[in-house]
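Please read all numbers here as calculations on a predicted model, not as lab measurements.
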Amino acid sequence: MQSLRGKVAFVTGGSRGIGLAIARALSAEGVQVAITGRSPSHLSAARPAIEAAGPGRVETLQADMRSYDEVKHALDAAAARFGGLDILINNAGVGIFTEVASMAPAQWAEVIDTNLTGVFNACHAALPHLRARRGGFIVNISSLAGKNAFAGGAAYCASKSGLNAFSEALMQELRYDDIRVSYVMPGSVATGFSSGDETKGADWKSSPEDVAAAVLDLLKSDPRSILSRVELRPSKPKK
């Protein structure tokens, strides 16, 4: 297993849920962590939670993933603060669940622009920093919805399906730069993402910490191989 101590990580959507769990897990490993979010109050609350997890230094940066300029500014600021970049975790995402006939074009755009174009924005802005290190890791947090479509989830499912294809193409583009690309596809996770209540289904759903553990396993894996896709689901879902 590779040591992560001293590495620099950038986690989008790191102020709550899965992103916060990943940021805390990285900090516990001695990683310097920068997180983004859209809410200043959520970012302020996340900082002490990440700092308490371990020795890694923490930076919080407000950015909307739909804006390339905001994302690039945040990534450049994080690299300047910590002296470079080794790890990019694309976790930021939104879900608007309604049938196509009732979905407003602006709602469609918000999901696609955040979940898919936002990942492009972060990867594009991060690549010069990762290449300057002569290697690194990109982990994109997708969803089982990317391969298991459902009614009322057209925009979300399309965004995650596109993210899966994007990740596989990017993996092939970067493998000879020693930049490994993987994507993680969780099923039901106990967060407030869809219901607003992080306790709903917590007795059977995967936890954010389960996803974070999978991400750490990827980052620590032997660099001779790429675990390009990980599917994670509750072991005993409701029947």
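To the nearest 0.5 Å, the span separating CZ on R233 from CG on N148 amounts to 7.0 Å. Separating the CG atom in N164 from the CG atom in L144 is a distance of 9.5 Å, to the nearest 0.5 Å. Between the CZ atom in R134 and the CD1 atom in I179 there is a gap of 11.5 Å [rounded to 0.5 Å]. We find the CD-CD1 distance between E110 and I96 to be 4.0 Å, quoted to the nearest 0.5 Å. The distance from the CZ atom of R66 to the CZ atom of R38 is 5.0 Å, given to the nearest 0.5 Å. For the atom pair CG of L26 and CD1 of I50, the computed distance is 9.5 Å after rounding to the nearest 0.5 Å.
With a 4.5 Å cut-off on side-chain heavy atoms, L174 and L127 count as touching. Here the side chains of K72 and N121 are not in contact, with every heavy-atom distance at 4.5 Å or above.
Among all heavy-atom pairs drawn from Q2 and D222, the shortest one is NE2-CA, 4.4 Å. Closest heavy-atom contact between V215 and I89: CG1-CD1, 3.9 Å. For the residue pair A126 and L75, the shortest heavy atom distance occurs at N-CD1, 3.8 Å. The two residues G6 and Q32 come nearest to each other via the heavy atoms CA-NE2, 4.3 Å. The shortest heavy-atom contact between L43 and T36 is CD2-C, 3.8 Å. What you find for A63 and A74 is that their closest heavy atoms are CB-CB, 4.2 Å.
Under the side chain to side chain contact (heavy atoms under 4.5 Å, CB included) criterion, A78 pairs with F10, A34, L61, not counting sequence neighbours.
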Report task. Walk me through it: do L219 and K7 pass the test side chain to side chain contact (heavy atoms under 4.5 Å, CB included)? Result -> CA-CA 11 Å; L219 298 176; K7 300 290 189 183; over 6 Å; no
Hey, mind stepping through R57 and E51 against salt bridge (charged side-chain N to carboxylate O under 4.0 Å, His left out) and telling me if it holds? CA-CA 7 Å; R57 293 179 295 166; E51 290 175 335; over 6 Å; no
Check against side chain to side chain contact (heavy atoms under 4.5 Å, CB included), Y183 and F166:
CA-CA 10 Å; Y183 60 104; F166 173 85; over 6 Å; no
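Counting heavy-atom neighbours within 6.0 Å of R16 CZ, excluding the residue itself, gives a total of 12 or less. Annotation for Y176: atom OH does not count as buried by contact number, only 12 or fewer foreign heavy atoms lying within 6.0 Å.
Counting only N and O atoms by type, the side chains of S207 and D210 include a donor and acceptor under 3.5 Å apart. Counting only N and O atoms by type, the side chains of S221 and R180 include a donor and acceptor under 3.5 Å apart.
N115 places a side-chain N or O within donor-acceptor distance of the main-chain N or O of V94, the cut-off being under 3.5 Å. Judged purely by atom type and a 3.5 angstrom limit, K238 has no side-chain atom pairing as donor or acceptor with the backbone of K205.
V119 and M65 fall within a single hydrophobic cluster, where Ile, Leu, Val, Met, Phe, Trp and Tyr are joined by side-chain heavy atoms under 4.5 Å apart, directly or via other members.
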